[in-house]
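Read through the structure below, which is laid out as structure tokens, and then see the notes.
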Amino acid sequence: MADVDTKPPSGLDGGVELRRWLDAHRSRGAMLFAEEFGMWHVFRHAEAKKVLSDPATFSNDTLIGDSPEMDVIRGLLQYDIGMMDPPKHRTMRSFVNQAFTPRVTAQLEPQIAAITSRLLSSTGPDLVAGLTDPLPVTVIASLLGVPDQDMLHSLVDALFSGGTTEERMSLSPSEQVALLTYVKGKVDETHSYLVSLCRSRRKSPAPGLLNSLIESEVDGVRLSDDEIAGFARALLVAGHVTTKLLLGNCLLYLGSHPSIQADLRADPSGIPAAVEEIFRLRPPLVRVQRLARSDVSFEGVTISKDQSVSVWIAAANRDPLVFSAPDEYRPGRSAGHLGFGHGIHFCVGAPLTRLETRVALRAVLERFPSYTVDSVEFHDYSELIGPGRLVIA
Ligand code: HEM
């Protein structure tokens, strides 16, 4: 194992090196143990699904250890459904499923189209600044029924501040605490705003997910204002950058493949399948983490209690055992990719993301008779890869 590079490359080149690293490891086997990080890596589709289907063995509550940084992170993620295990997760998910239905998402289509059209009418050549960055937060604010969108925008900016992964990793402990304290300040400010909004919405209801969550009831129990505010924050954390990067990846792909772009402009009914295939090839969230709850035998290895397990969506999505010619763009494949996860934590916002990306892509194709990519810079935030700047010509 000494000659095996166990450290994944950064995503600053758009994931080119990372894809090479993942391909090499996946062809060697399903599992890899990176001793220096105490972490298992899972590369193949079948094994990835097994880990994600087994919350009794693999926990989503991945925060262990005691340090000032960890205390702040725990506070930030206190109400995040994505960090919960059953039975708490099951209860919270039942509330969410009652309130955030596919019908609620479908009703947002005219608003998404209007927001997209407004953004496109004033965008400059950088489609990230003009479209992909502002769109998802604005849509989530509409979904929730939150009037102060600036508050949500500034929270998102704070959450993703601090530079690239490499830069953040090289911060001294005191610089890390200062960064986290700044982020926590923004989170607390937004949380207080959302809690007081919930209070006033209990007295005078208004349309939106906040009120649906206020009204939803599971086994005779209702959510507290803190829980609703925490869930609303979790939607922003989980739904903003991911959607921004998926839309950016789609725009980048079409800008680099003029014939696919022309086909979709001529026949927009192909857009949903195109989005799905670009999503498979370039998932914005390239991996998810789990923590072993106990010592467990898994696929011929022993994973010890409290060891991390890194499930590589980007590797599973190109597993040749599941996808023939996995690196080729072939829209309409029957096998499902893992871009939205799998199992009990499957993405709550999947229907919204799909709708938003389709509406926005169609609008871009109508707005620009044809476009090419002039320059691109990639966002690099741990496991998120996609354009942070995309200038078109
Ligand atoms: C391209 C866009 C998106 C991608 C790639 C994505 C990806 C994912 C993935 C992979 C998971 C599973 C995580 C795990 O297994 O630990 C997940 C969960 C989740 N996503 Fe998304 N997501 C996207 C958009 C959204 C949007 C727009 C929202 C909300 C507005 C959202 C809300 C959530 C929530 C709340 C969870 C946690 C669900 C649970 O634990 O039960 N996501 N997402």
Side-chain angles (χ1 to χ4, degrees), residues 42 48-49 51-55 58-62 77 79-97 99-102 104-105 108 112 132 135-144 146 152 156 208-210 213 227-228 230-250 275-276 278-291 308-314 316-317 336-361 379 381 383-387:
V42 179
K49 274 172 81 170
V51 172
L52 300 181
S53 306
D54 187 358
F58 300 107
S59 167
N60 264 51
D61 186 357
T62 50
L77 299 173
Y79 299 103
D80 190 331
I81 184 175
M83 304 296 293
M84 293 175 191
D85 289 326
K88 199 172 167 197
H89 176 267
R90 198 164 32 244
T91 310
M92 189 62 197
R93 188 76 191 217
S94 305
F95 280 107
V96 175
N97 291 345
F100 194 3
T101 59
V104 168
T105 298
L108 282 173
I112 297 173
T132 69
L135 181 68
V137 195
T138 315
V139 169
I140 292 173
S142 299
L143 166 76
L144 290 166
V146 169
L152 302 191
V156 163
L209 193 59
L210 276 192
L213 288 166
E227 285 168 321
I228 295 173
F231 177 68
R233 285 198 282 114
L235 285 190
L236 273 180
V237 175
H240 167 65
V241 174
T242 46
T243 308
K244 162 183 165 173
L245 298 181
L246 174 65
L247 181 54
N249 284 340
C250 289
V275 167
E276 226 48 44
I278 299 170
F279 194 170
R280 181 186 71 81
L281 289 165
R282 308 268 171 95
L285 181 63
V286 293
R287 66 166 152 176
V288 291
Q289 302 285 356
R290 296 292 187 265
L291 201 72
S308 300
V309 180
S310 209
V311 178
W312 284 96
I313 291 172
N317 279 6
H337 65 77
L338 298 184
F340 283 124
H342 180 79
I344 63 165
H345 291 279
F346 183 82
C347 179
V348 165
L352 178 62
T353 303
R354 288 191 165 116
L355 177 67
E356 202 171 324
T357 311
R358 291 168 190 173
V359 167
L361 268 195
H379 180 92
Y381 204 93
E383 47 280 303
L384 290 157
I385 301 182

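Whatever order the structure lists them in is the order used to number ligands and atoms, beginning at 1. Just so you know, these numbers use all the heavy atoms, side chains as well, and skip hydrogens, waters and symmetry mates. Just so you know, these numbers come straight off a predicted model, no measurement behind them.
- Between P284 and F279 there is a side-chain heavy-atom pair separated by less than 4.5 Å.
- By the ring-ring contact (aromatic ring centres under 6.0 Å, His included) test, H379 pairs with no residue at all, sequence neighbours left out.
- Close approach of ligand 1 to G339 (heavy-atom distance below 4.0 Å) involves ligand atoms 5 (C), 7 (C), 10 (C).
- Counting heavy atoms under 4.0 Å from ligand 1, residue R287 does not touch it at all.
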Residue pair T242, T353: steps toward the side-chain contact (heavy atoms from CB on, under 4.5 Å) verdict: CA-CA 9 Å; T242 46; T353 303; 5.8 Å; no

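- Taking every non-hydrogen atom of N60 and a distance limit under 4.0 Å, the qualifying atoms of ligand 1 come out as 16 (O).
- With sequence neighbours excluded, no residue forms a ring-ring contact (aromatic ring centres under 6.0 Å, His included) with F100.
- Summary of contacts: the protein heavy atom closest to atom 35 (C) of ligand 1 is I81 CG2, 3.7 Å.
- The shortest contact between atom 12 (C) of ligand 1 and any protein heavy atom is with H345 O, 3.4 Å.
- Between F231 and L213, the shortest heavy-atom contact is CD2-CD1, 3.6 Å.
- The protein atom (non-hydrogen) at minimum distance from atom 13 (C) of ligand 1 is V288 CG1, 3.8 Å.
- Of the protein's non-hydrogen atoms, the one nearest atom 16 (O) of ligand 1 is R290 NH1, 2.9 Å.
- Close contacts of ligand 1 with L246, meaning ligand atoms under 4.0 Å from a residue heavy atom, involve 1 (C).
- Contact check for P86 versus I344: side-chain heavy atoms found under the 4.5 Å cut-off.
- A donor-acceptor pair is defined here as one N or O able to donate and one able to accept, closer than 3.5 Å; such a pair exists between the side chain of N317 and the backbone of L338.
- Set against the non-hydrogen atoms of T243, the atoms of ligand 1 under 4.0 Å away are 1 (C), 2 (C), 24 (C), 27 (C).
- Heavy atoms of I344 come nearer than 4.0 angstrom to ligand 1 in at least one pair.
- The shortest N or O to N or O distance between R93 and ligand 1 is below 3.5 Å.
- With waters left out, the protein N, O or S atoms under 2.8 Å from atom 21 (Fe) of ligand 1 add up to 1.
- Taking CD1 of I112 as the start and CG of L355 as the end, the distance is 4.0 Å to the nearest 0.5 Å.
- Annotation: the span from T105 atom OG1 to E356 atom CD amounts to 10.0 Å, rounded to 0.5 Å.
- In terms of the ring-ring contact (aromatic ring centres under 6.0 Å, His included) criterion, residue partners of H345 (sequence neighbours excluded) are, by chain and number, H89.
- Here the heavy atom of the protein found nearest to atom 29 (C) of ligand 1 is L235 CD2, 3.5 Å.
- The residue among E356, M83, H89 with a heavy atom at the shortest distance from atom 41 (O) of ligand 1 is H89.
- I140 approaches G239 most closely through the heavy-atom pair CD1-C, 3.9 Å.
- The closest approach between P284 and ligand 1 falls below 4.0 Å for a heavy atom of the residue.
- In this structure, R290 and N60 have side chains that are in contact, with non-hydrogen atoms separated by less than 4.5 Å.
- Residues K244 and H240 form a side-chain contact, since some pair of their non-hydrogen atoms from C-beta on lies under 4.5 Å apart.
- Shown in contact with F279 at under 4.0 Å from a heavy atom are these atoms of ligand 1, numbered in order with element: 5 (C).
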